[in-house]
Novice: 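The structure under discussion is supplied below as structure tokens; questions concerning it will follow.
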Amino acid sequence: MKTYVADCGDAAVRVNVSGGTAEQNWNTVRSIAARFDLGADGIVSVIPTYDALLVEFDNLLTDHDAVRGLVREATTIPRPLEDISRGVGVKPRSGGEVEMRAVRRRIRGW
């Protein structure tokens, strides 16, 4: 697995993962993301995608060099996937399942 790190603007670092299958890359990205604690070390947000990770930070508290060091540490000792407890909850804007059925009917042309 290969990991590439690049500065992204004034307050972010992008981590690209390649060299594996799509699932292996995704699992690697998730395990790296799990190593970051929001709020610690000036980390503001960690946004994983299938083959990349954006780590945003407060540039008044830290800098690109320090965050790249955290990324190196995270890629050296990734967290096993079974230990990842972070999740994303999505709440319906309104109407819940009833609204979703209406949306599905509209999309299908019913």
Side-chain angles (χ1 to χ4, degrees):
M1 207 68 59
K2 294 182 183 177
T3 306
Y4 304 95
V5 181
D7 295 351
C8 191
D10 292 336
V13 170
R14 180 179 166 91
V15 182
N16 285 78
V17 176
S18 65
T21 65
E23 186 172 348
Q24 289 170 330
N25 292 345
W26 169 231
N27 288 337
T28 300
V29 166
R30 287 177 34 216
S31 67
I32 294 169
R35 296 276 307 185
F36 288 92
D37 294 319
L38 299 184
D41 301 309
I43 303 301
V44 174
S45 68
V46 178
I47 305 165
T49 65
Y50 289 106
D51 63 353
L53 176 72
L54 184 67
V55 181
E56 296 177 313
F57 59 89
D58 183 336
N59 62 1
L60 296 176
L61 300 175
T62 191
D63 59 21
H64 287 97
D65 291 333
V67 175
R68 281 194 304 271
L70 293 172
V71 169
R72 270 192 301 279
E73 181 181 316
T75 57
T76 303
I77 312 167
R79 180 173 288 176
L81 290 177
E82 59 269 11
D83 291 348
I84 298 174
S85 59
R86 214 183 288 178
V88 176
V90 178
K91 296 182 180 178
R93 228 178 72 189
S94 63
E97 182 57 32
V98 173
E99 185 174 304
M100 289 307 299
R101 280 193 296 252
V103 168
R104 283 192 293 268
R105 280 193 301 270
R106 213 173 310 141
I107 290 171
R108 292 181 190 145
W110 295 357

Novice: Supply the atom-to-atom distance Leu61 CG to Asn59 CG, rounded to the nearest 0.5 angstrom.
Specialist: 8.5 Å
Novice: Considering non-hydrogen atoms only, spot the tightest contact between Val71 and Val15 and give its length.
Specialist: CG1-CG2, 3.6 Å
Novice: Give a yes or no answer on whether the side chain of His64 reaches the backbone of Ala6 with a donor-acceptor pair at less than 3.5 Å.
Specialist: no
Novice: If you measure from OG1 on Thr76 to CD1 on Ile32, what distance do you get to the nearest 0.5 Å?
Specialist: 9.5 Å
Novice: Hey, what do you get for CG (Leu70) to CZ (Phe36), rounding to the nearest 0.5 Å?
Specialist: 5.5 Å
Novice: Going by side-chain contact (heavy atoms from CB on, under 4.5 Å), Cys8 matches just one of Val55, Leu54, Val13. Which one?
Specialist: Leu54
Novice: Do Val29 and Asn27 have side chains that approach each other closer than 4.5 Å (heavy atoms only, starting at C-beta)?
Specialist: no
Novice: With the side chain counted from C-beta on, respond yes when Met1 and Asn25 share a heavy-atom pair under 4.5 Å apart, and no when they do not.
Specialist: yes
Novice: Below 4.5 Å, heavy atoms only, C-beta onward: do Leu53 and Val46 meet side chain to side chain?
Specialist: yes
Novice: About how many Å separate CZ of Arg30 and OH of Tyr50, when rounded to the nearest 0.5 Å?
Specialist: 10.5 Å
Novice: Please round to the nearest 0.5 Å and tell me the distance separating atom CD1 of Ile43 and atom CG of Asp58.
Specialist: 10.0 Å
Novice: If hydrophobic clusters are built by linking Ile, Leu, Val, Met, Phe, Trp and Tyr wherever their side-chain heavy atoms come under 4.5 Å apart, do Ile47 and Val44 end up in the same one?
Specialist: no
Novice: Just wondering, more than 12 heavy atoms not from Asp65 lying within 6.0 Å of its CG?
Specialist: yes
Novice: Between Thr75 and Arg72 (side chain of the first, backbone of the second, donor and acceptor by atom type, cut-off under 3.5 Å), is there such a pair?
Specialist: yes
Novice: Taking all atoms of both residues into account, what is the closest heavy-atom pair of Phe57 and Ala12, and its distance?
Specialist: CE2-N, 3.2 Å
Novice: Would you mind checking if Asp7 and Arg14 are paired as a salt bridge, meaning a charged N to carboxylate O distance below 4.0 Å?
Specialist: no
Novice: For Thr21, is there any backbone N or O sitting under 3.5 Å from a side-chain donor or acceptor partner on Gln24?
Specialist: yes
